[in-house]
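We name chains A, B, ... by the order of the sequence lines, and we start the count at 1 in each one. What you see below is based on every heavy atom in this structure, not just the backbone, and it leaves out hydrogens, waters and symmetry mates.
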Protein chains: 2
Amino acid sequence: MSRPSKSRYHHGDLRAALIEIAVELIDERGVRHFSLAEASRRLGVTVSAPYSHFAGREALLAAVTVRAYELFYADVVREVDRFRKPADRLAAVARSYVRFAGTHRALFEALFDPGVDKSRYPEIDAAKRPLDDAFTSCVDALGGSEAASKNLAVAVEAAAHGHAILLVDGDFGDGAEAVEVAAERAARATLALIEGRDLLTRGRGRTRST
Amino acid sequence: MSRPSKSRYHHGDLRAALIEIAVELIDERGVRHFSLAEASRRLGVTVSAPYSHFAGREALLAAVTVRAYELFYADVVREVDRFRKPADRLAAVARSYVRFAGTHRALFEALFDPGVDKSRYPEIDAAKRPLDDAFTSCVDALGGSEAASKNLAVAVEAAAHGHAILLVDGDFGDGAEAVEVAAERAARATLALIEGRDLLTRGRGRTRST
DNA sequence: GTCTATATCCCGATAGAC
DNA sequence: GTCTATCGGGATATAGAC
């Protein structure tokens with residue numbers, strides 16, 4: 001058979017193998033400690049081999065980010081489609097958002113790694129778009145003006161993201177239980193935001209400030 | 001002579017100078033590109049000099065983080081004390097949280113740098129505590145059960161953090177205006193969460209708070 | 001106790017041979 | 001496409017000057 005040798009990726013799929021091993025390594029030591037050199041070592045190739053497939057370390061991380069968004073989106077879709085009511089669907093987005101952060105920490109970390117200049121990798125933005133659209137379409141289904149929808153979408157996204165960060169930061173403890181606690185909190189925060197959403201769009205300048 | 005040379009930091013305050021220059025460098029190139037070597041070069045000392053004051057790069061970054069929390073807390077307190085009503089005070093915490101992220105990006109970035117293992121630097125947690133307490137005391141002033149307060153505190157913190165990340169990520173645009181937009185959104189989201197807070201504490205499904 | 005000088009090792013990146 | 005060789009830079013440890 002054409003089963004490739006797992007120990008030595010000298011068979012032409014180094015690119016995919018690099019992305020795969022990068023995810024593993026990031027899981028083990030975090031993005032910051034990820035190095036092309038170690039990835040190469042694990043794959044049994046020399047340190048310069050990756051440069052045939054990626055411009056450099058950052059480009060590989062960008063590819064990892066794109067992959068992460070794809071997996072992220074798949075998770076969100078799977079979860080959202082279990083519900084029909086718009087509010088529940090939106091809460092499901094928030095829930096799966098946090099779950100993804102908890103169950104794929106390396107990938108989630110890679111998504112927001114300050115070390116990758118996203119503006120130089122437009123494919124990252126393209127990979128993110130379906131996710132944003134999922135948010136938006138759920139929010140739109142709730143009705144209300146365009147401005148109100150936008151405000152709610154931003155608030156929910158921020159809430160989901162915030163819970164995800166708190167989770168990854170350990171504020172909810174460790175393990176699978178912590179993930180569910182955080183995910184459930186995010187879902188409920190979403191429902192609370194929907195409930196109080198009129199307050200998101202009021203005043204236009206009159207909520208106090210400088 | 002006991003007169004220290006100001007230009008070379010050979011005067012015994014290298015520790016403070018390192019923290020200061022670290023903040024500058026992180027502002028210029030981001031945490032990832034910060035190096036002890038360059039900090040040393042800028043201060044006119046050799047690369048090994050910092051090791052008299054810090055165990056290594058990570059320890060210096062930890063010190064920067066502590067400093068960041070101190071400044072962060074000072075900002076929050078200043079802003080919160082301009083209000084009296086509990087809801088407004090809580091919204092002010094969220095607002096100043098986001099403002100800090102926008103106006104001190106380097107420090108904010110350092111606060112959540114995945115490269116520093118916070119569990120190995122307990123002083124970071126200690127520096128963070130006053131900030132958490134500020135959140136908590138504002139929430140408690142709103143009344144409600146202990147569990148409900150906890151739930152609201154977490155939700156507001158997550159919302160504030162989420163808006164801050166979206167801001168730093170450029171989702172609100174650039175410049176001072178973007179900062180205010182994000183800060184105001186966070187404040188309003190806080191008010192919306194207060195409004196819908198009953199939904200945060202329902203079902204008893206998996207929400208275990210401590 | 002603080003800093004210099006030095007040396008080792010790892011990593012990112014490039015050029016050229018196979 | 002991959003390897004060899006190599007350069008430059010950064011992290012870190014140690015020995016010694018003041």
Proximal nucleotide (of [options]) relative to the [X] side chain:
X	options	answer
B:His53	C:dT4, C:dA13, C:dT2	C:dT2
B:Arg41	C:dC3, D:dG10, D:dA5	D:dG10
B:Ser48	D:dA11, C:dA5, D:dG1	C:dA5
B:Tyr51	D:dA13, C:dA13, C:dA5	D:dA13

Review point. For B:Phe135, which residues count as a ring pair (Phe, Tyr, Trp, His ring centres under 6.0 Å) partner, sequence neighbours excluded?
Key: none

Practice item. Name all residues meeting the salt bridge (Lys or Arg N to Asp or Glu O under 4.0 Å) criterion together with B:Asp125; count only those two or more places apart in sequence or in a different chain, and write none if there are none. Key: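 With neighbours one apart ignored, the set is B:Arg129.
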
Check your understanding: Residues two or more places apart in sequence or in another chain: which of them pass salt bridge (Lys or Arg N to Asp or Glu O under 4.0 Å) with B:Arg89?
Key -> B:Asp81

What side-chain donor-acceptor pairs closer than 3.5 Å can you find for residues 58-72 of chain A, not counting sequence neighbours?
from    : atom 1 : to       : atom 2 : distance (Å)
A:Glu58 : OE2    : A:Asp117 : N      : 2.8
A:Thr65 : OG1    : A:Leu61  : O      : 2.8
A:Arg67 : NH1    : A:Glu70  : OE1    : 3.2

How long is the line joining [atom1] of [X] and [atom2] of [N], in whole Å?
X	N	atom1	atom2	result
B:Leu14	C:dC3	CG	P	5 Å
A:Phe54	D:dG1	CZ	P	12 Å
B:Leu43	C:dT2	CG	P	16 Å

Check your understanding: Which ones in residues 22-39 of chain A lie close to DNA chain D, meaning a heavy atom under 4.0 Å from one of its atoms?
Key ->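 DNA chain D contact set from residues 22-39 of chain A: none.
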
Check your understanding: Heavy atoms under 4.0 Å, any strand shown: does A:Arg15 hit a base, just sugar-phosphate, or nothing?
Key ->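 If one applies the 4.0 Å heavy-atom cut-off, A:Arg15 turns out to touch nothing in the nucleic acid.
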
Pair up each side-chain donor or acceptor in residues 156-178 of chain B with any protein partner under 3.5 Å, not counting sequence neighbours, and list the distances.
from     : atom 1 : to       : atom 2 : distance (Å)
B:His161 : ND1    : B:Tyr97  : OH     : 2.8
B:His163 : ND1    : B:Ala159 : O      : 2.8
B:Asp169 : OD2    : A:Lys118 : NZ     : 3.4

Check your understanding: Counting just side-chain N and O atoms, does B:Thr46 come under 4.0 Å of either OP1 or OP2 of C:dT4?
Key -> yes

Check your understanding: Do A:Glu146 and A:Lys150 meet the salt-bridge criterion of a basic N to acidic O distance under 4.0 Å?
Key ->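 Salt bridge between A:Lys150 and A:Glu146, a charged N being under 4.0 Å from a carboxylate O: no.
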
